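Structure record follows, encoded as structure tokens.
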Amino acid sequence: MANSSAFNESAPLISAEAFRAEMMENPLQNYLLGIIISICGNVLISISLNIQKYAHVRQAQRGSKPYYMSALWWCGVVLMGVGELGNFAAYGFAPASLIAPLGCVSVIASAVISVVFLKETIRPSDIVGCSLAITGTYVLVTFAPHASTHITAHLVQYYAVSWYFLLYLFIEVVVFCILLYLYKKRGVKHIVIVMLLVALLASLTVISVKAVSGMITESIKGQLQLIYPIFYVMLVVMVASCAFQIKFLNQAMKMFDATEVVPINFVFFTASAIIAGIIFYQEFEGLALLNIFMFLFGCLLSFVGVFLIARNRPKIKQQDRTFIPMDRIPGRRSTDKVQPEAKSQTYGSLAAKLMCNRADQTDDS
């Protein structure tokens, strides 16, 4: 009886240790595979963006057909889809706190491609920024947490009901509501407000993307995870958070310049992804203090590099060749406005046409 009671007392400890040992592993192969997939996906995304940019420029110069009728533009869209799919798959092999900072690879590749193929002028800040970003990427890859977790439905459920995640989710919801109130009701259109809204949504996106990608990866390996309700809950969270994230990001692109939105979005998104990985997936648990410091230092170098690359990027000015100003026509002088204002009552009417004819007769006389 004594042996039986001792066995019953030690059974929970043994099962808990066995559960954790089953969920945690340290395969270098999966870790490197996730890094390679993420880097390739970000390079494809940068190539696709430059292809679409080139298609828009060529269409603006020729003015023959809409950009969505161009096979080159659709090629860029397909490449972007493949790149995003690669990033999605990378979350199933490597920690989320590592995959998110690797987004700086897309900024580096885009800067190189724009200089080599689009003939943009290379600046000293581009060289310094690329050097810092590459150095930061190497540092964070070297000192990032290498432990990989089998993302199963039971593990996601266990993490989702933990008190520290519930507290984090409560704080995030409160902060999001306050920022949304300031943005919608008070009309505060500061870039930090908008990008913080995007970052808070991105935190949920990273958590759900890693959960969905990890469960799909385990299902492919033979352990079916798609029969559990938590998979579809995470799928809905992923789609909804991505949709609202894109909505606020597009609003930011309309209100502010891309040279401001791109680096701030990268910094906020990376920070939110790292925090989500630490709190939800406990990716920094057991990591040495030196590794944590060097990882954060690598992220800081990447942040500075992206700021230098995106700062004061040259804009492509497209001139409308179908319009010639009146003062540029040789031998003709015009000091009055012939074209009426668009907000006037005579705009587009017969009276406007008579005004133009009267102005022509005055000039001829």
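Just the heavy atoms: all of them, side chains too, but no hydrogens, waters or symmetry mates, feed the values below. Keep in mind the model is a prediction, meaning the values are calculated, not measured.
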Problem set entry | Polar contact flag, side-chain donor to acceptor under 3.5 angstrom, T205-Q245 |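 Yes, Q245 and T205 have a side-chain donor paired with an acceptor closer than 3.5 Å.
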Exercise. Do Q282 and Y164 have a side chain donor and acceptor closer than 3.5 Å?
Worked result: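 Note: Q282 and Y164 side chains meet the donor-acceptor criterion.
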For this session: Taking Y281 for its side chain and A211 for its backbone only, find out whether a donor-acceptor pair lies under 3.5 Å.
Result: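 Confirmed, Y281 side chain pairs with A211 backbone.
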Mind checking the [atom1]-[atom2] spacing from [X] to [Y]? Nearest 0.5 Å is all I need.
| X | Y | atom1 | atom2 | answer |
| --- | --- | --- | --- | --- |
| L169 | S203 | CG | OG | 9.0 Å |
| T270 | N265 | OG1 | CG | 8.5 Å |
| I193 | Y183 | CD1 | OH | 10.5 Å |

Exercise. Would F143 and F295 count as a close aromatic pair, with their ring centres under 6.0 Å?
Worked result: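 Between F143 and F295, the centre distance exceeds or equals 6.0 Å.
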Would you say that [X] contacts [Y] through its side chain, given a criterion of any heavy-atom pair below 4.5 Å between the two side chains?
| X | Y | value |
| --- | --- | --- |
| T152 | Y228 | no |
| F231 | I216 | yes |
| E172 | L204 | yes |
| C104 | F303 | no |
| Q225 | V156 | no |

Problem set entry | Mutual orientation of the aromatic rings belonging to Y168 and F165 [parallel < 30°, tilted 30-60°, perpendicular > 60°] |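 Correct class here is tilted.
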Exercise. Which heavy atom of I51 sits nearest a heavy atom of L72, and at what distance?
Worked result: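 Closest approach of I51 to L72: CG2-O, 3.2 Å.
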Exercise. Same hydrophobic cluster for I207 and Y158, using side-chain heavy-atom links shorter than 4.5 Å among ILVMFWY?
Worked result: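 Linked within one cluster.
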